[in-house]
Every structure is written in structure tokens, then in C-alpha cells.
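Step one of this worksheet: look at the structure below.
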Amino acid sequence: MRSHSCGDLRSDAIDSTVLLSGWVDRRRDHGGVIFIDLRDRSGTVQITVDPDLGAEAFAVAEHLRNETVLQVEGRVRARPDESRNERLATGEVEVLAQRLKVLNAPSRNLPFAVSVHDDEQVREELRLRHRYLDLRRERMRRNLSLRHQTVQTARRFLEDEGFIEVETPVLTRSTPEGARDYLVPSRVCGGEWFALPQSPQLFKQLLMVGGLERYYQVARCFRDEDLRADRQPEFTQLDMEMSFLDQEQILDLNERLIARIWKVVKGVELPLPLPRMTWHEAMERYGTDRPDTRYGMELVGVSDIVADMGFKVFSGAVAAGGSVKCITVPGGNDKVSNVRIKPGGDVFSEAQKAGAGGLAFIRVRDGGEIDTIGAIKDNLSDEKKAELLQRTGAEPGSLILFGAGDTATVNKALDRVRQYLAKELELVPAEAWNFLWVVDFPMFEFNADENRLEALHHPFCAANPEDLGDDPAQWSERLPKARAQAYDLVLNGLELGGGSLRIHDAALQNQVLQTIGLAQEEAQEQFGFLLEALEMGAPPHGGIAFGLDRMVMLLAGEESIRDTIAFPKTQQARCLMTSAPGGASDKQLEELHVASTWVEPEEN
RNA sequence: GGGACCGUAGUUCAACCGGUUAGAGCACCGCCCUGUCACGGCGGAAGUUGCGGGUUCGAAUCCCGUCGGUCCCGCCA
């Protein structure tokens, strides 16, 4: 059907006869001569149709619509000097058509133009409904190619490092904790259900027990939770697990993997090793476990300065065991008005969305004078004022925004405001790749609703041996306060992946399960097979998983992972193209031993 | 479950404080044009303003409901 790809033709092909197949991207009819931009996956080339050189081909060219599937036979020739197109990769040449054959012509108006002006966005609903058309467009073609390149680079790297790609089951069983499962009824085992995996976590550990030593998988994962721009009900992880490596070695291997991907895909040389920060420091300085380090405005704790002052909002927060922290917005006096910080304002609303009641603020004027409400000004001694300015590094013109309350809320609110203002005030440098390993996560966090400790990562993370000690008798006491050997890779404030060393000792694993209040029988029922396996010579092992969709999104400069997935779902977890999910017949349900309790809402 | 924004011709947008025949670019159809590349020129067709209800002399516009899409909160080991 073809001898060459459209986008590959260069001047070295001049005078050769070529056979091309592709889509009519655009047509320019000059009456005498007709130009066709013929597009295939590789790119676009100009076809020139001259009536003097074939009346038959000219007659076909006269009635071509965009997106006609066309086969062209012709001779490559150099374009006249004045007609070269430098914006086109194939702009040196054109194909003089000798024969045109319509392979397929669209028989209706297309729902949107494939070849479209850059500044013209198409409604996403239409793009999703007719995804096959959307995939023809440059943007999606580029994104999917980039995704392919990312995966292939990872595969080659891991191949060289001795990893084996293994597939794990999609029909499996529900794993403890975590998100809502997608369930699949079993026909053969009546009344029982498969769960689709939220991740291959247990299987990859069992592969290590199985002696595979180094495993990876481009693994589809399923979580039945509400969607976001960076969340889909099914998504892909680059999932890895390895034996006989300590945390240092795992981090080293993975940052070399990431550096290789960025080198191949973006041509960017990442300086290794990547920076690191403890979880504790991240929470202190950024209020989040995934700090965006591309800009400043770090959180500064001032609880000690304001603990005793007469301003109740501040002193009360500290007295109640919470804290007072602030961020300093350089030049914020001019850029952020009072109205925006007070109720109804955009900055206020960001803080509120994070659960804060509001934001106190101080404007720093010339000579270090502060401009704020009386309740703060009147209660702040000159000494404390000086200390505040010194610690925040606030200059004249700076705006200091305060959060006060329980520490978690303060962190969350200031983190959110910081990110919002950085975007709003355009403080985020373009083209920055700020990677950061966040390490030393705590093993557990307290769940106030259920009044119990909860695994921060998952209950199979290994504890830091220093924190745990050698004496098993002390584990129950030391474990709750221990740090985990867990790590997240953060890029520009987004979590790119995370992992940990795992527990390979059955006794310790049981201790962890006890700590999170999981009963023995319950644990046996849910993943007894793992506990059993740990008793049969499990090697020390650990792993990591990267969110592939998110990684590609960042590499592609997109803002939604939908633009990195060939056939994504909407926020209602529906596929607009296939209309999935759909109904099932009574017969199907009966065979599955399932009855639906769904009741159609009444009309009117 | 909650909050916000959006839905007008095939498509991207416009239509002022509710006002008389809902406009424009691209695409489509017809005619003209031999070097364009977002070609150009002339003409034409194309609309149940997502859907349902209400207010009004009059609704694309205001109100209520509903469907769909997006962003966010909750949720997401």
C-alpha cells in the first residue's frame, strides 16, 4: 500500500517514485494546480497535482475533502526555491502526483476538525466521544508516542539491570485497606467475587519469595474512587520489586532509571543523585509530603514567638497544641490586596477549601514597619516583631500570611495558598524539573475517626532498624513511633512514585498488623497466603511503583492524564465512545448469581 | 454526597441591562483562480440556543429542575 511514510521524505528522495497512503490533512485548490497535505503517523508532505501531468488524478483531487483516506503514486521533486516551507519537516520536497486513489472518503461532516488551529480548543466531550478522530490529531499522536518511548526506555533499562517482566492476575481478591474495589462476580464459584487489583503489591512480594529477584511490570491498576484530572478508575503503574538491595541501592537504581527516561524522552540531563528530604522536614517547610521546590515562599513556624501574645487566634492555637505558621509573599503588598485575603476573596477561599477559618496577615512597610490589624500590632513587642521579620526574611513590600490552628490544618491551608499564589503570581519557573526523594516517612498515622493507628503507606513497609531495635520484646512499644524505610519520588510538587523496603519477617509482620488493630483471623482471611509465604524463607526485598500516566503527563506538559491515555473515562467513570458501563441481561445476571438492587429514579 | 464553571449552526466563538429576522471564522455545497502551505475571491445552505418547566407582552439571556462535560472538596493503603 505504500513505499514510504509521508513525514520521512527529504531531499535525498528526490527523483524517486513513491507510493504513499494517508489522510488528506488540507487541500489548497488554485484552479490550475492543487496542493494536498497528505498526513500519516510520521507527519505531513505536500502533494502537488498538475492537470498537465494527468487529467485523471486532477479530477480526483478536485473533489477531495479533508480526512479522505488517499493513496498517492508520484515522483519526489525539489520544491522551487521560493516555495520551500521551513515549518514543515518535509518542506524541501513535494510529491508530484501521477495517480490518486481514494481508499475511503468520509461520508458525513466530521464532529470536529482533525487539522485545527492551535488556539482553537475542541470540547473534550466531543474528543472523547470520537476518540479515534482525536487520536489522529498531532497532540494525541505526540502524547501516545511519548508514552511508548517512556515505556520502551524503562523496559530497556530494566532489561539491562537484570529485571524480568512478569504479569500478575487481574482477577484476584480484595486487598486490605485502601480504595474501593471493582468487583467481578464469579459464575463458577457462586456468591463469590473477584476484585480487580488496586496494585500488584502482594503478588510482587510473592514473586520475591518465589526467587525472581528482580521483577517489573507495566501494570494496570483499578480503584473505584471519584475521579480527578490526575485520577482514572484504571491507570497504569510501572511496578518494580527487587531482592537483596538496601534502600540506598534501590534509590540509586531508580534515579538512574528516571534520568535515562528524561534523557531519552526530553533530552534533559538530570544531575544525580537527586535531592532528598525527610518527611518531617517536608512537612515543616512545605506543609506537605510532596513539596514543590521550584519556588520559595516556604512555611515558617512562629508558634514560639506568638505563644504568649494577646491575640487569641494565635496564642489560643498554640495553647491547644496546634501551631502558627506563615508564608512570606515577596512583593505581596502590591500584588495581593486585602480584599483577596478577606472572606469572599480568592486567597481566602483557597485557605478555606483546605479547612482553615481564614488568614491573618501582616504587610511589611518601609523601615520594617508593620501594617496589620490592631489585635496583632498592639500585642507584638518590638523584640518579637524584629524576630518575626528576621525569621521570615520579610523585606519591605512583603506580605506575610498566617495560618493558626491544629498543625495538620495549618500545613494543609498554607501549602494550598502557597501553591495557589505561586501560580497566580507566576513564580513557577517554566521548564524546571525539580525532583525530590522524600524519605523517612512515619510507619503509622493516627486515624481520629476510627481511633486507631493506620499504615501511612501500606502495612507491609519495613521499619527503620535503628528505630525498631534488635529486641522483639520492645517492638510493640517502639513500632508505633518508628520511621518506615519508605520513599516517594516527587516531581514539581506531584507524587511520581513511591515504595518501600518490605517486611520479610513473619513475626514483625504480625506485630505491624497488630499495631494497626487488624485481628489475626482477619489478616489470615485476607492475606494469609502472604504471611504463610513469609515463613518459608522470604528474602529481604523492596520495591517501588511509578504512576506512568502522571509521568507521561508531566513529560508531555499536559494537565490531565486523560491526554496520555488512548481511551480514558469521564469524571463519571463512563466511556463516552463505547457508552460503558452498560446493562446486563437477566440471563447473564442469573448465571452470575447476581440480582441488581438498582431502582431507576422516578421521572418528573 | 457537596461546591463552582460550562453547554448557541458540523465546529470554535459572539449576541450589552430581557426586545423584534440569533451573527462571524473554519468546515460543507456551487462558481472562479497555476506555487500555495491557516492560499485567495464571489455566492449558498446550515439553528427546537442540551432537555423540561416557570416568570414575562416578550427568554439564548432571569428562576427552578434535569442530563452531559470540566475543576475542586469529601474520597483516593
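Reckoned from all heavy atoms, side chains included, excluding hydrogens, waters and symmetry mates. Chain letters run A, B, ... following the sequence lines, proteins first and then strands; every chain starts at 1.
Pairing partner, B:U34: none, since no Watson-Crick or wobble contact has both distances short of 3.5 Å. When both distances must be under 3.5 Å, the Watson-Crick or G-U wobble mate of B:G19 is B:C57. When both distances must be under 3.5 Å, the Watson-Crick or G-U wobble mate of B:U49 does not exist. Nucleotide B:C28 forms a Watson-Crick or G-U wobble pair with B:G44, both donor-acceptor distances falling under 3.5 Å. In this entry B:C71 has B:G3 as its Watson-Crick or G-U wobble partner, both defining distances falling under 3.5 Å.
Distances shorter than 4.0 Å separate some side-chain N or O of A:R28 from OP1 or OP2 on B:C39. Listed pair A:R26 / B:C39 meets the phosphate criterion, a side-chain N or O lying under 4.0 Å from OP1 or OP2. Close to B:C37, at under 4.0 Å from its OP1 or OP2, lies no side-chain N or O of A:R84. Between B:C71 and A:R562, a contact under 4.0 Å exists linking OP1 or OP2 to a side-chain N or O.
The closest side-chain donor-acceptor pair between A:D37 and A:T44, if any, does not fall under 3.5 angstrom. A side-chain N or O of A:Q205 and one of A:Q201 form a donor-acceptor pair less than 3.5 Å apart. Side-chain contact, A:Q46 with A:T90: no donor N or O sits under 3.5 Å from an acceptor N or O.
As rounded to whole Å, 19 Å separates atom P of B:G68 from atom CE of A:M577. Separating the CZ atom of A:F35 from the P atom of B:G40 is a distance of 14 Å, rounded to the nearest angstrom. Summarising the geometry, the separation between NE2 on A:H63 and P on B:C29 is reported as 9 Å, rounded to the nearest angstrom. Straight-line distance from the CZ atom of A:R108 to the P atom of B:C29: 15 Å, rounded to whole Å. For the pair A:E92 CD and B:C37 P, the interatomic distance rounds to 18 Å; values are reported in whole Å.
A:R502 comes within 4.0 angstrom of no nucleic acid atom, judged by non-hydrogen atoms across all strands. Residue-level contact check: A:L88 touches neither bases nor backbone, having no heavy atom under 4.0 Å from any strand. As judged by a 4.0 angstrom heavy-atom cut-off over every strand, A:S115 is placed among residues making no nucleic acid contact. Looking at heavy-atom distances under 4.0 Å, A:D52 makes contact with a base. Residue contacts for A:S83: at a heavy-atom cut-off of 4.0 Å it reaches a base atom on one of the strands shown.
The aromatic ring of A:H30 does not sit over the base of B:U36; the criterion of centres under 5.5 Å apart with planes under 30° is not met.
Between A:Y132 and A:H130, the angle of the ring planes goes over 60°, which puts this pair in the perpendicular group of the 30/60° scheme. Using a 30° and 60° split on the angle between ring planes, A:F441 and A:W279 fall in the tilted class, from 30° to 60°.
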Kindly give the atom pairs (protein nitrogen or oxygen, nucleotide nitrogen or oxygen) under 3.5 Å for nucleotides 72-76 of chain B.
unit_1	atom_1	unit_2	atom_2	d
B:C72	OP2	A:A229	N	3.4
B:C73	OP1	A:R416	NH1	3.3
B:C73	OP2	A:R228	NE	3.0
B:G74	OP1	A:K412	NZ	2.5
B:G74	N7	A:R228	NH2	2.9
B:G74	O6	A:R228	NH1	3.0
B:G74	O6	A:R228	NH2	3.4
B:G74	N1	A:D226	OD2	2.5
B:G74	N2	A:D226	OD2	3.0
B:C75	O2'	A:E225	OE1	2.5
B:C75	O2	A:R231	NH1	3.3
B:C75	N3	A:R231	NH1	3.2
B:C75	N3	A:R231	NH2	3.1
B:C75	N4	A:R228	NH2	3.3
B:C75	N4	A:R231	NH2	3.0
B:C76	O2	A:R231	NE	2.8
B:C76	O2	A:R231	NH2	3.2
B:C76	N3	A:R231	NH2	3.2

Tabulated below should be each protein N or O lying under 3.5 Å from an N or O of nucleotides 42-44 of chain B; please produce it.
none

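Proximity of A:T570 to A:L128: side-chain heavy atoms (C-beta onward) are separated by under 4.5 Å at one or more points.
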With ring-ring contact (aromatic ring centres under 6.0 Å, His included) as the test, would you mind laying out the steps for A:F527 and A:F460 before giving the verdict? CA-CA 11 Å; A:F527 45 88; A:F460 311 114; 5.3 Å; yes
Which nucleotides of nucleotides 5-14 of chain B have their base under 4.0 Å from a protein heavy atom (B), which only their sugar-phosphate (S), and which neither (-), written as one string 5' to 3'? ---S-SSS--
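Rounded to a whole angstrom, the distance from the C1' atom of B:C13 to that of B:A60 is 14 Å.
The pair A:D134-A:R137 meets the salt-bridge criterion, since a charged nitrogen lies less than 4.0 angstrom from a carboxylate oxygen.
Its glycosidic angle being within 90° of 0, B:C17 falls on the syn side.
Under the 3.5 Å distance criterion, the side-chain polar atoms of A:K204 are matched with a main-chain donor or acceptor of A:M240. For the pair A:R290 (side chain) and A:L436 (backbone), a donor-acceptor distance under 3.5 Å is absent. A donor-acceptor pair under 3.5 Å is absent between the side-chain atoms of A:H30 and the main chain of A:G32, judged by distance alone. Using modelled atom types, one side-chain atom of A:R27 and one backbone atom of A:E62 make a donor-acceptor pair closer than 3.5 Å.
Toward the 5′ end of RNA chain B lies the nearest nucleotide of A:R65, the other residue of the pair A:P51 and A:R65 mapping further downstream.
For a distance-only test at 3.5 Å, the side chain of A:Q572 fails to qualify as a donor-acceptor partner of the base of B:G69. Applying the 3.5 Å distance criterion, the base of B:U70 shares no donor-acceptor pair with the side chain of A:E125.
Shown here for A:I14 and A:A78, the closest heavy-atom pair between the two residues is CD1-CB, 3.6 Å.
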